[in-house]
Amino acid sequence: MDMTPAIPAGEARRARLGAALLSGPILRRATLDAFAKLDPRRLVRNPVIFVTEVVAILVTVLTIRALVLGQPWTFQAGIALWLWLTVLFATFAEAVAEGRGRAQAESLRRARTETRAKLLLRGDDRSLWQPRAATALRIGDLVLVEAGDLVPSDGEVVEGIASVNEAAVTGESAPVIRESGGDRSAVTGGTLVVSDWIVVRITAAPGSTFLDRMISLVEGAARQKTPNEIALDILLAGMTIIFLIAVASLVGLASWNGQPPSVAVLAALLVTLIPTTIGGLLSAIGIAGMDRLVRFNVLATSGRAVEAAGDVDVLLLDKTGTITLGNRQAAGFIPIPGVTEREVAEAAVLSSLADETPEGRSILAFARERQGIAAPVIPEGSCVIPFTAQTRISGLDLSGGSYRKGAVDALLRSLGGEAPPALREAVDRIARAGGTPLAVAKDGRLLGAIELKDIVKTGMRARFDALRRMGIRTVMVTGDNRLTAAAIAAEAGVADFIAEATPEDKLAYIRHAQAEGRLVAMAGDGTNDAPALAQADVGLAMQTGTQAAREAGNMVDLDSDPTKLIEVVEIGKQLLITRGALTTFSIANDVAKYFAILPAIFVASYPELGALNVMALASPESAILSAVIFNALIIVALVPLALRGVRYVPAGAAALLRRNLLIYGIGGIVAPFIGIKIIDVALQILGIA
């Protein structure tokens, strides 16, 4: 698996975006957009805030009427003002979330310049081409892209090999190799070829390229509500209808006593009781969830994918390059009886001098660290035996001797002998531990073995322990034999593994888990991963992967780091927890508002209700206005939390529920008592109510 790790350039970009959580330009643009979003045709999609706007319009009309007729109007005007601010703060929260995405989209648009393409007239002749605008290219066209040219559109490399700078898309400054065939053939429009040339077959129509889709997604234009959001919308709409009926019934109750409350008071009661806090923040929470993924250099094709990540039960991770470092490293020199470890190390060094494979270089590094043997310069006149896939042997012939290393069976065949029992025992022990043994010989005589080990990445066991605490089952997927796979799985701490995995094996495992009611996430980059990526509930495709893999997954990692699937799951869980926490806080808010407004409305008719004025609010008018002001200001106060998300701590569902109820449930009850009282005191000092 090709894996391009996140480098400092990408990290720096994410840090800058994180630092710009509420930057000046975003706030200025969001303020203007908030007023534009007051259009009732747009607000009708948010029933809670739509009802609030309708009530604000009604109170405003009554205020103007009272002013014209010379009746008292200041109290009604105060109610109307803060009802409008409640609506405005709700649209502002959504505008800020969209503004952060728009800022990122602007940087992406700069990468989507008007590019001229070299359209090949005959696919087998690179000298025959004509210039054409990138926007005029069609699926199936073949274009030539040479050093210094921008890739005009998404496509697959069908000929050639080139170094491509993808900084415009991924934020990385290090070029990557793109070549025909294999899992590194996909190229993205707007990236720059810095060396050599490639012939690209266009795979995307104008306006539907990867960059176009990314821009629309980060702007929020293509974001659809998730099933949980729709369900919560229905709940909030139902609660709004219930409170509307309840408030309307109070009119009859108060009229029977001969002192019906004014429309402004009833409007204030309705708006403070319906869940305006979560209604105003719900859209911002969803947009911010996708935004957090984008800042992690992960593009989700829909909000559903982010939400599904939060509910994942099973996580499939590739072994090579994800759980392990990807290249086998030398981990030991094992001599046979009569030979010292240093002799094995010296022979291993000399036979690896011309071995440019990662394994060969690791042997030189390990010998230097373990035995203090520095790699010498290859002497003149020596004969280098390069490693090949056919011979599986490398070596060096010097005037002082002949040195060989290679796969045990291959080296034994070349020497024409049998392995001594001590060597066979060492080879079996290495294999049982999940390592790969290499035999070492000098002048045709076996000296011992080299242990190559697939090194598990530092901290992986701790991360898998954290996933286990979340209730997520981790599964390692590898092409290794069961013995090696079991050893690596035990060292890494994964719950299960699929050894000698084929595309059919991955697909069957995912389907079996889904049949048991589990949600499955998987990372992949190759065409052979595409069926499993399409079947998985969360399919994280690598940007460096094939076009088939990127189209099959519902997320694309621009850094091509498969381990990021773990962060994706955490972001998904954070989104769900944030939504649940703020919903709990919003509903709990109503308890304090009952104690503020209900006694104020009926205390004149039923003096006994004065006992419920536990906050000792100065007057009925002050109590009502304070509750309305608090109801508006709390939306603004919670905008940063909605955008940043509630901090996620790996724990079980029961523990998270207790934490939410304690912090946001009790906090939602206590905060309004304090806030309403402070506002009441401020109104008295200012002489407003």
Side-chain angles (χ1 to χ4, degrees), residues 1-5 174 177 319-321 323-336 338-412 414-415 419 422-423 426-427 429-431 433-458 480 484 487-488 491:
M1 175 180 291
D2 179 47
M3 185 186 71
T4 307
I177 299 299
K319 174 184 76 73
T320 305
I323 296 174
T324 65
L325 293 175
N327 295 318
R328 294 171 300 174
Q329 307 287 312
F333 297 122
I334 298 123
I336 63 174
V339 179
T340 65
E341 183 179 338
R342 186 173 182 83
E343 288 180 284
V344 177
E346 289 173 346
V349 167
L350 291 170
S351 60
S352 302
L353 286 179
D355 186 356
E356 292 300 323
T357 65
E359 292 84 356
R361 291 194 294 271
S362 79
I363 290 171
L364 299 180
F366 185 73
R368 183 172 59 252
E369 296 170 4
R370 184 70 170 264
Q371 296 288 339
I373 301 173
V377 177
I378 299 176
E380 291 187 12
S382 58
C383 179
V384 173
I385 310 298
F387 175 87
T388 66
Q390 290 75 28
T391 64
R392 295 186 296 158
I393 294 173
S394 66
L396 189 67
D397 289 336
L398 304 170
S399 57
S402 175
Y403 300 89
R404 296 287 188 275
K405 83 161 194 315
V408 177
D409 58 340
L411 191 58
L412 288 174
S414 71
L415 297 178
L423 179 63
V427 167
R429 186 173 65 253
I430 293 170
T436 301
L438 297 179
V440 182
K442 176 183 179 182
D443 296 332
R445 181 173 72 96
L446 287 168
L447 300 180
I450 305 169
E451 179 185 6
L452 295 179
K453 191 174 181 182
D454 212 350
I455 306 297
V456 174
K457 290 182 177 179
T458 303
D480 290 339
T484 300
I488 296 294
E491 184 178 353

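One-based numbering along the sequence shown. All heavy atoms count here, side chains included; hydrogens, waters and symmetry mates do not. Since we're looking at a predicted model, the values are computed, not measured.
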Please find the pair of heavy atoms, one from Leu411 and one from Gly406, that lie closest to each other, and give the distance.
CD2-N, 4.4 Å

Provide the closest heavy-atom pair for Leu350 versus Pro376 in the form atom of the first, atom of the second, distance.
CD2-CG, 4.1 Å

Side chains of Ser362 and Glu359, donor plus acceptor under 3.5 Å:
no

Could you tell me which non-hydrogen atom of Leu396 sits nearest to which non-hydrogen atom of Ser382, and how far apart they are?
CD1-OG, 4.0 Å

Can you confirm whether Glu341 sits close enough to Arg370 that some side-chain heavy atom of one is under 4.5 Å from a side-chain heavy atom of the other?
yes

Heavy-atom pair of closest approach, residues Ala441 and Leu415:
CB-CD1, 3.9 Å

Is there side-chain contact between Glu491 and Lys453, with at least one heavy-atom pair below 4.5 Å?
yes

Side chain of Glu343, backbone of Thr340: donor and acceptor closer than 3.5 Å?
yes

Do Ile373 and Arg368 come close enough that some side-chain heavy atom pair is under 4.5 Å?
no

Partners of Glu451 by side chain to side chain donor-acceptor pair (under 3.5 Å), sequence neighbours excluded?
none

Strictly distance-based, threshold 3.5 Å: is any side-chain N or O of Arg342 a donor or acceptor partner for the main-chain N or O of Gln371?
yes

Please examine the side chains of Phe366 and Ile450, heavy atoms only from C-beta on, and report whether any two atoms are closer than 4.5 Å.
no

Ser351 side chain reached by Ile363 side chain, heavy atoms, under 4.5 Å:
no

Smallest heavy-atom separation, Ser414 atom then Ile393 atom, equals OG-CD1, 3.8 Å

Could you verify whether a donor N or O on one side chain and an acceptor N or O on the other, from Asp443 and Ser402, lie under 3.5 Å apart?
no

Taking Ile334 as the fixed residue, which of Ile430, Val344, Leu423 is the one that meets the side-chain contact (heavy atoms from CB on, under 4.5 Å) rule?
Ile430

Under a 4.5 Å cut-off applied to non-hydrogen side-chain atoms, are Ile385 and Ser394 in contact?
no

Grab the two heavy atoms, one from Leu446 and one from Ala419, that are nearest each other, plus how far apart they are.
CD1-CA, 4.3 Å

Holding to side chain to side chain donor-acceptor pair (under 3.5 Å), I want the full list of residues that pass it with Ser352, two or more places apart in sequence or in another chain.
Lys405

